[in-house]
2 protein chains.
Amino acid sequence: MTTKTQKAAATLPLNTILDGNCIEMMLSLPENSVDLIFADPPYNLQLKGELHRPDNSKVDAVDDAWDQFGSFAHYDRFTRDWLAAARRILKPDGAIWVIGSYHNVFRLGAELQNQGFWILNDVVWRKSNPMPNFRGKRLTNAHETLIWASKGEGAKYTFNYEALKALNEGVQMRSDWVLPICTGHERLKDANGDKAHPTQKPESLLHRVLLGTTNPGDVVLDPFFGTGTTGAVAKMLGREFIGIEREAAYREVAEKRIARVRKFDKNALEVTASKRAEPRVPFGQLVERGMLRPGEVLTSPRGQAAKVRADGTLIADDIKGSIHQVGAALEGAPSCNGWTYWNFRKEGKMISIDVLRQQIRSEMN
Amino acid sequence: MTTKTQKAAATLPLNTILDGNCIEMMLSLPENSVDLIFADPPYNLQLKGELHRPDNSKVDAVDDAWDQFGSFAHYDRFTRDWLAAARRILKPDGAIWVIGSYHNVFRLGAELQNQGFWILNDVVWRKSNPMPNFRGKRLTNAHETLIWASKGEGAKYTFNYEALKALNEGVQMRSDWVLPICTGHERLKDANGDKAHPTQKPESLLHRVLLGTTNPGDVVLDPFFGTGTTGAVAKMLGREFIGIEREAAYREVAEKRIARVRKFDKNALEVTASKRAEPRVPFGQLVERGMLRPGEVLTSPRGQAAKVRADGTLIADDIKGSIHQVGAALEGAPSCNGWTYWNFRKEGKMISIDVLRQQIRSEMN
DNA sequence: TACGTTCATGAATCCATCT
DNA sequence: GAGATGGATTCATGAACGT
């Protein structure tokens, strides 16, 4: 399995922009080979007057061009096909992000679910500077919606909880993100000084997505690459990217843009790690190493005593078991972290046994 | 036409709660007869095991029978049927609101479009006090989504632009609404003191919906009436309501609640909505937005250097943490305001990072 | 009475690894 | 693969309680 994946990765066209139709190009890539897909698909629905297919070809006016249901069916077919192609190349523990507005996001979300993707969160990008509703006939459309999904129920996925929490000043990151739209120098211009792409996404949005749900070295694919925001941020953050874009003008702008990008320092990319990532230390090791002696008494926060046994289990009255099991039993709780629950006595002071675990861990480095 | 509508309205069971299945009850009402439908259907949450908080207390989940559906196919059929029944009784110039979470809202939105409803806005209810994500495995699910739709493309609908603008301190109302969840006195309790309904919506939410998209005297129907928030707010605002609810316990609570409501307590509501404190800006946002680059060096008043990391933490020698933590550590102080402590270099000059925070704050207004 | 502390709780698709 | 075990994990708010 590892060999197969590695082989696939070796043949991936990393850090390039593929020229062509995204469905065909994805079909040409090896299955189970990319870690993350970020997709900002077109949603040219409900544009009265001219009705275009997602591939920009014009819909034949004879077959009820202005019939809504006809256009939805068409859009749904397109969505089904590109999502299926994306699903094939996604690793089993990979994830996908899609972004849309109310015109298309309900079709996207429903089709994701139909194909077995498992929605992890929907995220609202709350625009701090949206375009107002000029005619005063509706609410200011001030947000877009992203959907984050794993490949299926129970599948693993990458989530850098602590990094996002750090990014949010120490409180866990919420599903609503306030970020400005892409303007100023960041907004790419064409030769005429007009905006190079109508819906260029801000780099801040991709920064949060990639920092939170990929690791350095991961492969990120964007099938609707446009002017390459995904590629630019991936490069900054030390991730590999693959872009697919059928418009030569966009590819050209994206190439130049990404060439200018500098990767961040290596130690700037190190991110606040989760405790879960730290090596596991069996409690028995404290006994083996003589940090705690068999027979020694540990004390709970409420003063209950338990005696350490030679095999690294505890006994408190008639309750025997691991540090976690005995703690849970004493508290009548479904579970208990014995490391932070129990204390030992040293020179008259009570010290958490977690201090001893830290000591072992620091020796391991 | 007018005569027919008036006749229909005359036979409507105004300001009552109908007992029964919402589809059957809606089929028994005259077509084209109600002005607005507000629907909060079951979300089909698909919860599996139990969930405990870090303090080991158990989360009281929504496990009611009415939220159980065998599959997406079942849920879709249910959605199609009740939406079709709702569509029949809605006036041609009426509108519908539905509310959901990522579990069901994509199915809802897609089916609305399939039936020819015309989406006017999707609205995000950003909860100011959501339940956190206890296991740190996803983003805090801090919002729900509402969809506002007219009966079809080109149909007229009611929108009280100026009223909502006034409610929003003179600026156009946006598609994201920050409102607290329903707690405190407003939260209805049963005889045991437990919550009477697991998903009671806040009156502030309905206040905004009804004020913005109905006129006094309009008929508002809620096919999933629950404990009657829609009815209570409709009565306050001088609108007529029709509720449908099949659970006797909910109907009973709703009846009593609405009987207590007095019409027109004009300024009683919405007080919670607008807190105008200075918004908190996470330092990480400066990094995401490219105002500071990962790897860039910040300088303390005494000339000590710290490097910015991609997740918005700092590293100075072996001290890692937030701008406040690292500042405090360097000073040997219990706390430190990192915003006024750290400086960055621009064109040879040292500038406080607080200048960047001010910049973000001014964009937010 | 005022104020500080503790406690309860809210639409939740909430674990990873080894045996 | 199923079952057992280790052990990581929370924010805002209102009510209750104590000084």
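The sequence lines fix the lettering, A, B, ..., with proteins before strands; numbering per chain opens at 1. Everything numeric in this text was worked out from a predicted model, so none of it was measured. FYI, side chains are in, hydrogens and waters are out, and symmetry mates aren't considered; it's all heavy atoms of this structure.
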For residues 160-168 of chain A, dump all side-chain donor-acceptor pairs below 3.5 Å to protein atoms at least two apart in sequence or in another chain.
from: A:Asn160; atom 1: ND2; to: A:Leu211; atom 2: O; distance (Å): 2.7
from: A:Asn160; atom 1: ND2; to: A:Thr214; atom 2: O; distance (Å): 3.0
from: A:Tyr161; atom 1: OH; to: A:Gln172; atom 2: NE2; distance (Å): 2.9
from: A:Asn168; atom 1: ND2; to: A:Val171; atom 2: O; distance (Å): 3.0
from: A:Asn168; atom 1: ND2; to: A:Gln172; atom 2: O; distance (Å): 3.4

Could you tell me how far apart [X] ([atom1]) and [N] ([atom2]) are, to the nearest whole angstrom?
X	N	atom1	atom2	value
A:Asn168	D:dC11	CG	C1'	11 Å
A:His324	D:dG6	NE2	P	5 Å
A:Arg280	D:dA8	CZ	C1'	11 Å
A:Ile323	D:dT5	CD1	C1'	12 Å
A:Trp118	C:dC14	CH2	P	8 Å
A:Leu314	D:dG6	CG	C1'	14 Å
A:Trp342	D:dG7	CH2	P	15 Å
A:Glu162	D:dT9	CD	P	6 Å

N or O in side chain of [X] less than 4.0 angstrom from [N] OP1/OP2:
X	N	result
B:His185	D:dA15	yes
A:Asn337	D:dA8	yes
A:Tyr161	D:dT10	yes

Parallel, tilted or perpendicular for [X] and [Y], by the 30°/60° rule?
X	Y	answer
A:Tyr157	A:Trp148	perpendicular
A:Phe106	B:Phe106	tilted
B:Trp82	B:Phe224	perpendicular

(request) Please check if the distance between the ring centroids of B:Tyr250 and B:Phe225 is under 6.0 Å. (result)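 Judged by ring-centre distance (under 6.0 Å), B:Tyr250 and B:Phe225 do not meet the cut-off.
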
(request) Step through it carefully: locate the ring centre of B:Trp66, locate the ring centre of B:His197, and say whether they are under 6.0 Å apart. (result)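 Judged by ring-centre distance (under 6.0 Å), B:Trp66 and B:His197 do meet the cut-off.
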
(message) Check whether B:Trp177 forms a cation-pi arrangement with B:Arg208 (NZ or CZ under 6.0 Å from the six-membered ring centre, at most 45° off the ring normal).
(response)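 Flagged: B:Arg208 positioned over aromatic ring of B:Trp177.
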
(request) Check whether NZ of the Lys or CZ of the Arg B:Arg107 lies under 6.0 Å from the centre of the six-membered ring of B:Phe72 and within 45 degrees of that ring's axis. (result)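 Yes - B:Arg107 lies over the ring of B:Phe72, closer than 6.0 Å to its centre and within 45° of its axis.
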
(message) Check this for me: does the side-chain of B:Arg138 come within 3.5 Å of the base of C:dT13 through a donor and an acceptor?
(response)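 For B:Arg138, whose side chain was compared with the base of C:dT13, there is a donor-acceptor pair (under 3.5 Å).
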
(message) Less than 4.0 angstrom from a charged side-chain N to a carboxylate O is my criterion; do B:Arg80 and B:Glu111 meet it?
(response)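 B:Glu111 and B:Arg80: not salt-bridged.
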
(request) Decide, yes or no, whether a salt bridge links B:Asp190 with B:Lys195 under the criterion of side-chain N to carboxylate O below 4.0 Å. (result)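 Salt bridge: no.
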
Contact class for [X] vs. all strands (heavy atom < 4.0 Å): base, sugar-phosphate, or nothing?
X	result
A:Arg174	nothing
A:Leu120	nothing
A:Ser335	base
B:Ser128	sugar-phosphate
B:Val105	nothing

(request) Go through C:dT13, C:dA16, D:dT9 for me and flag the one nearest to the B:Lys137 side chain. (result)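 So the nucleotide nearest the side chain must be C:dA16.
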
(request) Please figure out whether A:Gln172 or A:Asp354 has its closest DNA chain D nucleotide nearer the 5' end. (result)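 Nearest-nucleotide comparison on DNA chain D picks A:Asp354.
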
(message) Let me spell it out: for each of B:Gly184 and A:Lys275, pick the nucleotide of DNA chain D with the closest heavy atom. Which residue's pick is nearer the 5' end?
(response)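 The residue whose closest nucleotide sits nearer the 5' end is A:Lys275.
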
In whole Å, measure the gap between the [atom1] atoms of [N] and [M] for me.
N	M	atom1	value
C:dA12	D:dG6	P	30 Å
D:dA8	C:dT13	P	23 Å
C:dA11	D:dA15	P	16 Å
C:dG10	D:dT10	C1'	12 Å

(message) Around atom NZ of A:Lys151, are there more than 12 heavy atoms from other residues, nucleotides or ligands closer than 6.0 Å?
(response)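 Counting other residues, nucleotides and ligands, NZ of A:Lys151 exceeds 12 neighbours.
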
(request) Enter syn or anti for the glycosidic conformation of D:dT10, syn applying to angles within 90° of 0. (result)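 The base of D:dT10 is oriented anti (glycosidic angle more than 90° from 0).
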
(request) Do nucleotides 7-12 of chain C as a string where each nucleotide becomes B, S or -: B if the base has a protein heavy atom under 4.0 Å, S if just the sugar-phosphate does, - if no protein is that close. (result) --BBBB

(message) Pairs counted only when both distances fall under 3.5 Å, Watson-Crick or G-U: show me the 5' to 3' dot-bracket for DNA chain D, [ ] for pseudoknotted crossings and | for other-strand partners.
(response) .|||||....|||||||||

